[in-house]
Novice: 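Quick one: the structure is below, questions incoming.
This structure is a prediction, so every number in the text was calculated from the model and none was measured.
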Amino acid sequence: YGDHRDLHSFPTRRLFRSGFRQGKSNPCLFRNDDLKVSIMVHGDDFVAVGPEKHLETTIKLLEEKYKIKVGVLGRRDGQMKEVRILNKVARINDKGIEMEADPRHAELVIKELGLGSAKATTTPGSKIEAKRPSDEEHATTTTRSRATRDRIDVEESVNSIDDAKMSGKGEVWSQEEGEIIEIGGKDEEDDLDPESARLYRGVAARLNYISPDRPDLGFSVKEAARNMSRPTKADLMKLRRIGRYLIGKPRLIMNFPWQDVPDRIIAFTDSDWAGCNRTAKSTSGGVVCLGEHVLKTYCKQQKVIALSSAEAELYAMVAASAEALAMAAYAKDLGLNLSVEMYCDSAAALGITNRAGIGKVRHLRTQGLWVQEVRASGRITYGKVLGEKNPADLLTKYLSAEVIDKHVATLNMGWSDGRAESAPTLDNVESYVQTWAEYGVEEDWCEEWIDSVEKGQEVGEVKRSGERAKEERRGKSAG
């Protein structure tokens, strides 16, 4: 597929000459204001959005330099209703566009952990109590707090991003957190053997790859990734729980309903103060939206130990502010000038943001006060959201199944059974890989192999093609 150096320099040279301008905040974005076409470049993959007639002009521009394969996602006859973009599945229908992660990752996690016949769980994780039972008490018990039931009742009225925004006006609810508690035995603290540790790291890395598309897994995967350097038997048990959760919920569909172009980016932020029993560090979680469309979700471990919940929430606001401003900058590269609104469930953190200096909160790190300058300059408007209705809560702690379902619905996402039509099966891909290894990687065979994969041909058909390629090579060698 050519010289990688040429692949990276081609868009800059070729697109510039055709009236495209490169993004200042993200050099992988290109925009032609006359054609109203925006392009994202990822290696040798191009994703273009714009009016149909102008997209045809863009396609011809690319075909002048490279041999390309084009799939057009649209609602008209003859256009594709489902495509793969960087192995993510995108579908279009009358309600909008749907996207989901490559389903093979979830299948590989289940396979690598040996969970083919295991029972599914309803949650990807649960908080392990710090207190350890005596040697005779190796049983496991589970309880559910009353606050969980109260939280579920409260959240029944939140069905969208707009509902979450409006939830903080005049309503007061309990801030107590509900969670499921599990108590295990001390043998779980033993380190894994080298082979099991290698398995743990591989599966954790795969989960870390799909977690941006699975906010329901965000916190559990972050916790698993923290223990990659020295995993224990207890860590492997938590990883297996994520795998069992994927058995029951392998597909999460992200819905992007049709909407008018919004004039602002909306962000939600939350933190779990000192949630780690081992290090007393807090977790920051955030959701960045454009109208009812979720652009990004993230879950991060804070690097410092916060001495108060207000401090932890403030550091979470700093991280969310940076993410939201970055999205606004990317939008500007694509021709959209958007303001930014941010919602937090901590009155104390909002109070710090709305004043100047540290005041009486002497222990704050002064760089955290950057949000005061951001607010004063008008770059971000900060507001209050109820804790129980804050969708970022999904990314900061273990939650019950009911609460997870509610937050996922608020983010316009949902689970689905079955399999996407364009998604390749895991067994088929493995057979393709074996065929590749058997018949070599000559240039002609590479192109034929890739054509076969994209057309969804059977492996036997690809093997026959490989035999023909072998015979041709033998004939050339004999000549």
Side-chain angles (χ1 to χ4, degrees), residues 23-27 168 175 208 211-212 215 218-219 222-223 225-226 229 264-289 295-333 338-385 387 390-397:
K24 294 181 179 179
S25 300
N26 189 338
Q175 297 293 321
N208 197 39
S211 62
F219 180 77
K222 186 267 295 182
E223 288 295 291
R226 292 180 63 204
S229 62
R264 67 198 65 190
I265 287 175
I266 300 168
F268 296 89
T269 177
D270 193 21
S271 75
D272 181 35
W273 176 45
C276 178
N277 292 329
R278 178 165 50 88
T279 64
K281 290 184 177 180
S282 307
T283 298
S284 298
V287 178
V288 184
C289 309
L295 303 179
K296 181 176 183 178
T297 62
Y298 64 88
C299 174
K300 300 178 181 179
Q301 191 76 23
Q302 294 185 5
K303 295 182 179 180
V304 298
I305 298 177
L307 302 184
S308 66
S309 60
E311 184 182 3
E313 294 281 1
L314 181 66
Y315 297 153
M317 289 178 68
V318 171
S321 298
E323 296 285 353
L325 289 175
M327 286 295 174
Y330 295 163
K332 190 172 183 179
D333 287 343
L338 305 176
S339 59
V340 179
E341 289 182 0
M342 180 166 299
Y343 293 89
C344 172
D345 57 21
S346 171
L350 287 170
I352 296 173
T353 303
N354 288 324
R355 64 170 181 251
I358 62 175
K360 295 183 179 180
V361 192
R362 304 292 186 184
H363 61 275
L364 288 181
R365 302 175 72 202
T366 54
Q367 56 263 47
L369 302 182
W370 167 72
V371 292
Q372 295 179 353
E373 186 274 331
V374 172
R375 176 199 58 79
S377 64
R379 298 168 66 191
I380 299 180
T381 302
Y382 294 92
K384 181 76 164 62
V385 62
N390 186 354
D393 185 49
L394 178 65
L395 297 136
T396 60
K397 60 180 74 68

Novice: Output the distance between atom CG (L369) and atom CZ (R375), rounded to the nearest 0.5 Å.
Specialist: 11.5 Å
Novice: Over all heavy atoms of both residues, which pair between T269 and A320 is shortest? Give the atoms and the distance, please.
Specialist: CB-CB, 3.6 Å
Novice: Are any non-hydrogen side-chain atoms of Q301 and C276 less than 4.5 angstrom apart?
Specialist: yes
Novice: Check whether any side-chain N or O of N390 sits under 3.5 Å from a backbone N or O of V385 as a donor-acceptor pair, and report yes or no.
Specialist: no
Novice: Any heavy-atom pair between the side chains of E313 and D345 that's under 4.5 Å?
Specialist: yes
Novice: Can you give me the closest heavy-atom contact between L395 and G286, atom names plus distance?
Specialist: CD1-O, 3.5 Å
Novice: Taking all non-hydrogen atoms of both residues, which atom of V374 and which atom of S377 are closest, and how far apart?
Specialist: O-OG, 3.0 Å
Novice: Would you please name every residue forming a side-chain hydrogen bond (donor to acceptor under 3.5 Å, both in side chains) with S321, sequence neighbours left out?
Specialist: Y382
Novice: Using every non-hydrogen atom in the two residues, find where A324 and M342 come nearest and quote the distance to one decimal.
Specialist: CB-CE, 4.2 Å
Novice: Kindly indicate whether the side chain of Q302, heavy atoms from C-beta on, has any atom under 4.5 Å from the side chain of T283.
Specialist: no
Novice: Can you name the residues that form a side-chain hydrogen bond (donor to acceptor under 3.5 Å, both in side chains) with Y298, not counting sequence neighbours?
Specialist: none
Novice: Is there a donor-acceptor pair closer than 3.5 Å between any side-chain N or O of N26 and the backbone N or O of Y330?
Specialist: no
Novice: Tell me every residue that passes salt bridge (charged side-chain N to carboxylate O under 4.0 Å, His left out) with E223, counting only those two or more places apart in sequence or in another chain.
Specialist: R226
Novice: Residues two or more places apart in sequence or in another chain: which of them pass salt bridge (charged side-chain N to carboxylate O under 4.0 Å, His left out) with K296?
Specialist: E323
Novice: Applying side-chain hydrogen bond (donor to acceptor under 3.5 Å, both in side chains), can you list everything that pairs with S282, at least two apart in sequence or on another chain?
Specialist: none
Novice: Side chains of L307 and L364: closer than 4.5 Å at any heavy-atom pair?
Specialist: no
Novice: I want to check something: taking the side chain as every heavy atom from C-beta on, are C299 and T396 in contact at a cut-off of under 4.5 Å?
Specialist: no
Novice: Less than 4.5 Å apart, any side-chain heavy atom of L350 and any of K384?
Specialist: yes
Novice: Main chain of P391, side chain of D270: is a donor-acceptor contact present, judged purely on distance under 3.5 Å?
Specialist: no
Novice: Determine the minimum heavy-atom distance between I265 and A328, stating which atoms define it.
Specialist: CD1-N, 3.4 Å
Novice: Can you tell me how far CG of L314 sits from CD1 of I358, rounded to the nearest 0.5 angstrom?
Specialist: 11.5 Å
Novice: Can you tell me how far the SG atom of C289 sits from the CE atom of M327, to the nearest 0.5 Å?
Specialist: 10.0 Å
Novice: Measure the spacing between NZ of K281 and NZ of K303 and express it to the nearest 0.5 Å.
Specialist: 9.5 Å
Novice: Look at the side chain of D272 and the backbone N and O of K397, then say whether any donor-acceptor pair between them is shorter than 3.5 Å.
Specialist: no
Novice: I'd like to check R365 versus V304 (side-chain heavy atoms, cut-off strictly below 4.5 Å). Are they in contact?
Specialist: yes
Novice: Could you pull out the closest heavy-atom pair between S271 and A316, with the gap in Å?
Specialist: CB-CB, 3.9 Å
Novice: Would M317 and T353 satisfy side chain to side chain contact (heavy atoms under 4.5 Å, CB included), going step by step from the backbone distance to the final call?
Specialist: CA-CA 9 Å; M317 289 178 68; T353 303; 3.4 Å; yes
Novice: Quick one: list whatever passes side-chain hydrogen bond (donor to acceptor under 3.5 Å, both in side chains) with S308, sequence neighbours left out.
Specialist: H363
Novice: How about I380 and E341: do any of their side-chain heavy atoms sit closer than 4.5 Å?
Specialist: no
